There are 2 protein chains.
Amino acid sequence: MSEKKKSSELRRSMPLLPIGTVMQLTELSARQIRYYEEHDLIQPHRSDGNRRMFSLNDVDTLLEIKDMLEQGINMAGIKKLFDMKKNAAVQSVQAEKEISDSELRRILREEMRNANRHQKSTLRQGDLSRFYQ
Amino acid sequence: MSEKKKSSELRRSMPLLPIGTVMQLTELSARQIRYYEEHDLIQPHRSDGNRRMFSLNDVDTLLEIKDMLEQGINMAGIKKLFDMKKNAAVQSVQAEKEISDSELRRILREEMRNANRHQKSTLRQGDLSRFYQ
DNA sequence: AATGTTATGTTAGGAAAACTAACATTAATA
DNA sequence: TATTAATGTTAGTTTTCCTAACATAACATT
């Protein structure tokens, strides 16, 4: 997986939004959003003061939930579908790991050359730490 | 302009973030952020209940302000530079007319002297664009 | 028909976050 | 020395969000 994809995944999982913003973005009520969390369909972060903080991924998931419910799927069904999706994602990651050694070496060489060309484009772990409570 | 660029511009200007989130993203105090608004460097939206709501573009602007201040440029200089940038975006020819060459040289000399006095922190703030799509 | 379940609404009381406005402080400058 | 610019701090108020409980409409089960 590329460095760009990884950092974009980090960005989309950053807990930035309060519930009010998420309500507007999804047109869901606070009651609905909390209910879906209660049923473990989303896991928003919490601020120091216990406020839920949502990521863009959370918003995506909520829109999926809303869509599925409007299609008549109930919470149990949605939960099952999400579990399946997660398993599929894990399997695809595992499949991705099964690249040949030579392919791996080729990718690493590529990454090294990239990193050397523009040092600042390499996302460093410490840079994001302040965004998490 | 492509459809993708337009929709991404829409997302970047959407008022999503409360001041607390912006404080974390920029490492600025609420006092500083409100002060910069007071001096018209940013124009955050307001919620129905009068809370400031910031866009990702606002966060970018705040990081620019922070960087310029750390370089020793003062508020008046930043305001002028932002105005110039905005005018340049609209009409570069028009922008040149608004400030005579001698005026421009005077401003730049002023800012250079200001900046030279602040030698201590030349650390550049990272570009926010790394953190979102 | 009566009862239970699911998803959501509503309300109350409390805590956190953000607001404005005023005064304080610190470093740089005239 | 006095002034100014940028920021800190505090107080009092309003808005937003929290949990917990009870209410309800639609639907399913007995």
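Heavy atoms only: backbone and side chains are in, while hydrogens, waters and symmetry mates are out. Everything numeric here is computed off the predicted structure, so don't read it as measured data. Below, read A as the first sequence line, B as the second, and so on, with proteins coming before strands; counting in each chain starts at 1.
- When the P atom of D:dA6 is taken as reference, atom CD of B:Glu38 falls 11 Å away, rounded to whole Å.
- Nucleotide C:dC19 holds its C1' atom 14 Å from the CD1 atom of B:Ile33, rounded to whole Å.
- The number of heavy-atom neighbours closer than 6.0 Å to CD of A:Glu27, taken from other residues, nucleotides and ligands shown, is 12 or below.
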Its contact letters, B for base, S for sugar-phosphate only and - for none at protein heavy atoms under 4.0 Å, make nucleotides 22-30 of chain D read ---------

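- For B:Asp48, the CG atom counts as loosely surrounded, since its 6.0 Å shell holds 12 or fewer non-hydrogen atoms of other residues, nucleotides or ligands.
- When rounded to the nearest whole Å, the span between CD1 of B:Ile65 and C1' of D:dA6 equals 13 Å.
- Look at CG on B:Leu69: it is 11 Å from C1' on D:dT7, rounded to the nearest Å.
- To the nearest angstrom, P of C:dT6 lies 14 Å from CG of A:Leu41.
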Verdict with reasoning, B:Val22 to B:Arg52, per side-chain contact (heavy atoms from CB on, under 4.5 Å): CA-CA 10 Å; B:Val22 176; B:Arg52 289 172 183 83; over 6 Å; no

Walk along nucleotides 10-19 of chain D from 5' to 3' and tag each nucleotide B, S or - by protein heavy-atom contact under 4.0 Å, base first, then sugar-phosphate. ----BBBBBB

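- The shortest heavy-atom contact between A:Leu41 and A:Thr61 is O-CG2, 3.8 Å.
- Between A:Ser55 and A:Asp58, the side chains place a donor N or O and an acceptor N or O closer than 3.5 Å (distance only, hydrogens not considered).
- Under the 4.5 Å side-chain criterion, counting only non-hydrogen atoms from C-beta, B:Phe54 is in contact with B:Ile42.
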Report the C-alpha separation of A:Glu64 and A:Ile78 in whole Å, then their side-chain angles, then the decisive distance to 0.1 Å, and conclude whether the side-chain contact (heavy atoms from CB on, under 4.5 Å) test is met. CA-CA 9 Å; A:Glu64 282 191 82; A:Ile78 295 175; over 6 Å; no

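- Protein atom CE of B:Met75 is 20 Å distant from nucleotide atom P of C:dA27, rounded to whole Å.
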Apply salt bridge (Lys or Arg N to Asp or Glu O under 4.0 Å) to residues A:Glu37 and A:Arg46 and explain how you reach the verdict. CA-CA 12 Å; A:Glu37 181 194 16; A:Arg46 294 293 180 125; 3.6 Å; yes

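- Across the strands present, C:dA1 finds its partner in D:dT30; the criterion is a Watson-Crick or G-U wobble pair with both atom distances under 3.5 angstrom.
- OP1 or OP2 of D:dT7 has at least one side-chain nitrogen or oxygen of B:Tyr36 nearer than 4.0 Å.
- Side chain of B:Lys66 to main chain of B:Thr26: a donor-acceptor pair is present (N/O by atom type, distance under 3.5 Å, no hydrogens or angles).
- In this structure, the OH atom of B:Tyr35 is 16 Å from the P atom of C:dA21, given to the nearest Å.
- Rounded to an integer number of Å, the gap from CD of B:Glu70 to P of C:dA27 is 17 Å.
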